[in-house]
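Each chain gets a letter, A, B and so on, in the order its sequence line appears, and its residues count up from 1.
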Protein chains: 2
Amino acid sequence: MISIISEKNMLPDLFQATPTNAMRHLSLEKGQHLFHQDQKTGGLFYVEEGYIELRRATQTGELLLVHNAVKGETFAEASLFSDFYHCDAVATGDSTLIEIDRKHVLEHLQNDPNFAIAMIKHLARQNQVYRSKLEIMAIKSAPERVFSALSDDMLKGDVIALAAEISLTHEAVYRSLRKLVKQGRVVQTGRGKYSIK
Amino acid sequence: MISIISEKNMLPDLFQATPTNAMRHLSLEKGQHLFHQDQKTGGLFYVEEGYIELRRATQTGELLLVHNAVKGETFAEASLFSDFYHCDAVATGDSTLIEIDRKHVLEHLQNDPNFAIAMIKHLARQNQVYRSKLEIMAIKSAPERVFSALSDDMLKGDVIALAAEISLTHEAVYRSLRKLVKQGRVVQTGRGKYSIK
DNA sequence: CGTCCGCTTGACTCAGATCAAACTTGGTGG
DNA sequence: CCACCAAGTTTGATCTGAGTCAAGCGGACG
C-alpha cells in the first residue's frame, strides 16, 4: 500500500484551534480501559489510531456493544452533557487518542458561536452518514447492499474492510461484485478495485 | 392501546421557543415531493405524522434510499450548511410536517449559545442512537439481534414494527422471542409484550 | 525467491425468508 | 348483542441465499 500524503494530525477542523492545555494525548494498549460506566466524564475523544469499543451493561449484566470507534472518529460527544459516562470504553487494539477537555469545550461553545456552529455541522454530517449506513444495512440482498455501498463510495480500502463495514463476509462481497459486473452495473477497474458503471 | 397523555405538538424542546413566523405547517399526500435534489434549501423539518423518504440519485440515475424519516424525527439538519438540497424528499404516506426556517435557525445559532448547545445535545443524542442501531444491525443471529434490540428498549409498539426496525421478518422475530424466552433471557409479559429477564 | 496477505472461486450447510394457515383480540355496524 | 372484519400474534413447511470451509492465484515486500 502506498502511503499517500503526510498523515499528520487529522483532528477535525473544528478542533484545530483548541489550545494545547485543553487537549491530552493518550496511548492505550489492547485491552486497556479508557473509561468506565458511571465514571466522572472528562472529555470527548478523537481516535488517532486503533479501535475503541463502547459497551453498555444491561440490567442482567450482559455487555452490549454500543459503538466501535475507529481511526479518524470522534466519540463521547454526548458525555459533554452528562456528569458520568454511561458506558465502558475499551481499546480492542493498541490505540492513540486525543482527549478534549469537557469544560473547555462547554465554555468555548458558550463564547464562540462559530465554534458551536462548526460542531453542529460536524454532528449533522455524522448523522447523515449514519442514516445512510443504516439504510444500507437494512438491505437484505448482498448484491444490492454492496451496490448501495459502492454508490456511497464506501470502497476506499480493501474489499475485506468494506465487507466488515457492511457486515457481510468477504466471500459474499466478492460474489456480489462478480454478479454486479456481469449485470453491467459495476465495472472492475483493477484487482480489488470496482466502481459504479 | 390506551392513548396516554395529550399527544400535542411533540416538537423537540430546542424548537419550542421558535417564533411562529419562522415555522410553517405543511401537509403532503402520499407521493408528493417535499423538495428535490439541487433545489434551494428552505429549512429543516420535523415530522408530525407520516413518512418522508430521502433519496439520492446515483451517477447512473438509480435512486438510493438515504433515509426514511418517521413521526417525531427532525431531518435535513445538514441542509442548514448547504445552499441546495442534496437529495429528494418524498412523502410515502400522507404526512404533516413543520418546516423551520433556515435563516432563522442560523441567526438564532449565532445569537443564542444556549440554543446552539441545545442543538448540539440533540444531534449528539441522535448520533448515539444511530451508532447503537448500527451495532445492532451488525449482529447476524436473529435471536441475538432481537435480544440487543430489547435491551435497547426498541420494543415500544408492535412486534411487527420492531421487526421492520431491525430488518427482520416478523416471523423471525417471533421465533427469536420464543427461543429467548425458552432460554430464560426474556420474559413474556403479555400478548406481544416482552421484556429483558 | 519465498512468504504473507488480499483476492477469487467452488462445494456444502444452515438460518432466515417466504408461503401458508390458525388463533386471539378489538372494533364496527346491523 | 352478536356477526363480522381487520390486524397482530403464533406456528409449521419449504426454499434460497449468505455463511462456512477449503483451496488456488497474484502482487508486494523483505
J.: Under a 4.0 Å threshold between the charged nitrogen and the carboxylate oxygen, would B:Glu77 count as salt-bridged to B:Arg102?
T.: no
J.: Using whole Å, report how far NZ of A:Lys182 lies from C1' of C:dT9.
T.: 12 Å
J.: A:Phe115, A:Leu44: one ILVMFWY side-chain cluster at the under-4.5 Å cut-off?
T.: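 In one cluster: yes.
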J.: Please determine whether a side-chain nitrogen or oxygen atom of A:Thr169 lies at a distance below 4.0 Å from atom OP1 or OP2 of D:dG19.
T.: yes
J.: What integer distance in Å separates A:Glu144:CD from D:dA18:C1'?
T.: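 My rounded result for the distance is 15 Å.
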J.: Nucleotide by nucleotide, 5' to 3', does protein get under 4.0 Å of the base (B), only the sugar-phosphate (S), or neither (-) in nucleotides 4-17 of chain D, counting heavy atoms?
T.: ----BBBBBB----
J.: Would you please test B:His67 and B:Glu73 for side chain to side chain donor-acceptor pair (under 3.5 Å) and show each step?
T.: CA-CA 11 Å; B:His67 185 52; B:Glu73 263 185 69; 2.7 Å; yes
J.: In terms of the angle between their ring planes, are A:His36 and A:His33 parallel, tilted or perpendicular, with boundaries placed at 30° and 60°?
T.: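 If you compare the ring of A:His36 with that of A:His33, the planes turn out parallel.
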J.: Taking atom P of C:dC14 as reference, at what distance in whole Å does atom NZ of B:Lys179 sit?
T.: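 Atom-to-atom, B:Lys179 to C:dC14, this comes out as 13 Å.
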J.: Measuring from atom CG of B:Asp88 to atom CZ of B:Phe35, what distance do you get when rounded to the nearest 0.5 angstrom?
T.: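 So the CG of B:Asp88 and the CZ of B:Phe35 are separated by 8.0 Å.
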J.: How many Å lie between CG on A:Leu168 and C1' on C:dG16, as a whole number?
T.: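 Value for this atom pair: 15 Å.
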J.: For a quick check under 3.5 Å, do A:His122 and A:Thr74 share a side-chain donor-acceptor pair by atom type?
T.: yes
J.: Rounded to 10°, tell me the angle between the two end axes of the helix from C:dC1-D:dG30 to C:dG30-D:dC1, each built from five pairs.
T.: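 If I round to tens, the end axes sit 40° apart.
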J.: Would B:Lys30 and B:Glu53 pass as an ion pair if we require N to O under 4.0 Å?
T.: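 Not counted as a salt bridge, because no side-chain N and carboxylate O are separated by less than 4.0 Å.
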J.: Do the side chains of B:Leu150 and B:Met154 join up, straight or via other hydrophobic residues, at under 4.5 Å, putting them in one cluster?
T.: yes
